[in-house]
Colleague: 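Sharing a structure below in structure tokens format, with a few things to ask.
Sequence positions, counted from 1, serve as the residue numbers for this chain. Quick note: numbers below take in every heavy atom, side chains included, and nothing from hydrogens, waters or symmetry partners. Both counts, for ligands and for their atoms, begin at 1 and track the order of listing.
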Amino acid sequence: MKFDKICVLGLGYIGLPTASTFAAHGVKVLGVDINSEIVDTLRNGDIHIHEPGLRETYKTALASGNLTVSTQPEEADAFLIAVPTPFLEDKFGDYNGQKFKLADMRAVTSAAEAILPLLRKGNLVVLESTSPPRTTLELIAPILARSGLKAGRDFHLVYSPERVLPGQILRELIENARVIGGVTSESAQAGADLYSIFVKGEIIQTDATTAEMVKLMENTYRDVNIAIANEFARLADKFGVDVWEAIHLANRHPRVKILSPGPGVGGHCISVDPWFFVESAPELTPLIYNARRVNDAQPRYIVEMIKRTVGSLEGKKIAALGLAYKPDVDDLRESPAIEVVHLLQNDGAKVKAWEPYKPDANLPGIDMAISLEVALKDADAVVLLVRHIEFINLKPTDISTATKGCIIIDTVNGWDPNEWQSAGVQLVRLGGGK
Ligand code: SAJ
């Protein structure tokens, strides 16, 4: 299938890089977002999200004349839906007393409804948003059927998950393998034709529900793996074992790959996607459900560990190093580090937080330091919450001189305990066997 014009609905972390990349490859793209402030920002040549290389790619696409942005979709050869699928704020599912979160599919529904009056015979519609299994068949296809056209017969319908890592989106969009799930094999082929415009990785065709499951399985696998790593850390603390050494040794087995424990699982993907399985089939997902519970409870475990080390938190000054949800990004969404800070404060600690990637973040109830030195000043304890490279490069003296001999709690295996202890610093690590 040939594509002269593509309409991308949703200009966020996925939609904007995807629209820009198509345009950079010579396709006419209309990028659509319902938020007029975002559209204004983009029209002015600026971008509203932080992603390395995106500004340049976006500007090139805009300058080429191939990319335009609007709040309204228009007729096109292909429509690509890349809108958020967060949780409902005020509604939970319940299975035998076990509460679970529910996906908010309203943005996906409205995007499909916006396409409805524009849909023509021979079009391709792609859903990229992470969604519960069978969304393409049971939510999108029925909405689009209101046009009188049938998915798979009159137009092509595809689910194709994005699998890019924040921080490396532009490279991974092109290089990663792409799964294309069609409601028919002709639909899958049309989807493959579309993505082959820029994808250099393997393009693999399957059916729509398989593609939906693949996306959820990838992130659920990672969540369950991290949950087991977090439980191993707890067990190691109980049995006086260094979990980092034990995981390293277990991973020498050719068929074992245990991920790393830490303060919990954050971001907008791994801590979210497993719930889509639980919601769709709570009776079949006790493992996935409990892995989510373990990871969600990890910030509390960290705070209890800090209490075991420093005693009562009442009035204690604590420096929290890192608020991002993972190393070397400025993304603070769903960050377990932020939850650790809130829990410490609830227990009476006075926390100063230092986040080098977002020093001026405005987070309700959190006291941000303007520098590392300010965070460390007079601290009774320092908690390392994110493995940012600039923290890993710190030397024991960088902290001990600034704090007059406080206790260090390392939740991410950032520092070598032998090096720090021989420099006279008391360092306790998550899963360090204490
Ligand atoms: N984490 C650990 N231990 C680890 C690895 C990660 O505690 O060993 C924590 C991180 O600190 C972070 C969270 O897990 O809080 C998630 O980080 P991540 O780097 O594992 O994943 P994301 O959410 O940034 O991106 C994931 C990726 N999925 C996989 O690697 C299977 C990415 O490819 C997806 O595109 C993205 O989710 C998504 O959008 O679904």
Colleague: Return yes when atom CD1 of I370 has more than 12 non-hydrogen atoms of other residues, nucleotides or ligands closer than 6.0 Å, and no otherwise.
Modeller: no
Colleague: Please verify whether a non-hydrogen atom of P261 lies at under 4.0 Å from ligand 1.
Modeller: no
Colleague: List the residues meeting ring-ring contact (aromatic ring centres under 6.0 Å, His included) with H156, not counting sequence neighbours, and say none if there are none.
Modeller: none
Colleague: In ligand 1, which numbered atoms sit nearer than 4.0 Å to a non-hydrogen atom of G264?
Modeller: 7 (O), 15 (O)
Colleague: Would you check the N or O atoms of V164, main chain and side chain alike, for any that come under 3.5 Å of an N or O of ligand 1?
Modeller: yes
Colleague: Out of curiosity, is G267 lining ligand 1, as in a heavy atom under 4.0 Å away?
Modeller: no
Colleague: Students should be able to answer this: which protein heavy-atom is nearest to atom 28 (N) of ligand 1, and at what distance?
Modeller: N219 OD1, 2.8 Å
Colleague: Using side-chain contact (heavy atoms from CB on, under 4.5 Å) as the criterion, point out the one residue from D380, V382, L344 that pairs with I318.
Modeller: L344
Colleague: Which protein non-hydrogen atom lies closest to atom 21 (O) of ligand 1, naming both residue and atom, and how far is it?
Modeller: I270 CD1, 3.4 Å
Colleague: Can you tell which of V386, N230, I226 gets a heavy atom nearest to atom 14 (O) of ligand 1?
Modeller: I226
Colleague: Salt-bridge test for D242 and R429: reply yes if a basic N is under 4.0 Å from a carboxylate O, no otherwise.
Modeller: yes
Colleague: Compare R222, E162, K257 and give the one whose heavy atom is closest to atom 5 (C) of ligand 1.
Modeller: R222
Colleague: Is it true that F100 and Y95 have ring centroids separated by less than 6.0 Å?
Modeller: no
Colleague: Name the closest protein heavy atom to atom 3 (N) of ligand 1, giving the residue it belongs to and the distance to 0.1 Å.
Modeller: S260 O, 2.8 Å
Colleague: Under the side-chain hydrogen bond (donor to acceptor under 3.5 Å, both in side chains) test, which residues partner D367, sequence neighbours left out?
Modeller: K352
Colleague: Has R293 got its NZ or CZ under 6.0 Å from the middle of the six-membered ring of Y301, at an angle within 45 degrees of the ring axis?
Modeller: no
Colleague: Can an N or O of K215 be found at a distance shorter than 3.5 Å from an N or O of ligand 1?
Modeller: yes
Colleague: For F391 together with H388, are the ring centres under 6.0 Å from each other?
Modeller: yes
Colleague: Got more than 12 heavy atoms from elsewhere within 6.0 Å of NZ, K307?
Modeller: yes
Colleague: Which of the listed options, M217, K326, R163, holds the heavy atom that is closest to atom 17 (O) of ligand 1?
Modeller: K326
Colleague: Considering only heavy atoms, which of C269, P327, P166 lies nearest to atom 39 (O) of ligand 1?
Modeller: C269
Colleague: G266 to ligand 1: N or O pair under 3.5 Å?
Modeller: yes
Colleague: Tell me which protein heavy atom sits closest to atom 24 (O) of ligand 1, plus the residue, atom name and distance to 0.1 Å.
Modeller: Y325 OH, 2.5 Å
Colleague: Could you measure the distance from the NE2 atom of H48 to the CG atom of L11? Nearest 0.5 Å is fine.
Modeller: 6.5 Å
Colleague: Can you report which non-hydrogen protein atom sits closest to atom 25 (O) of ligand 1, along with the distance?
Modeller: L165 CD1, 3.5 Å
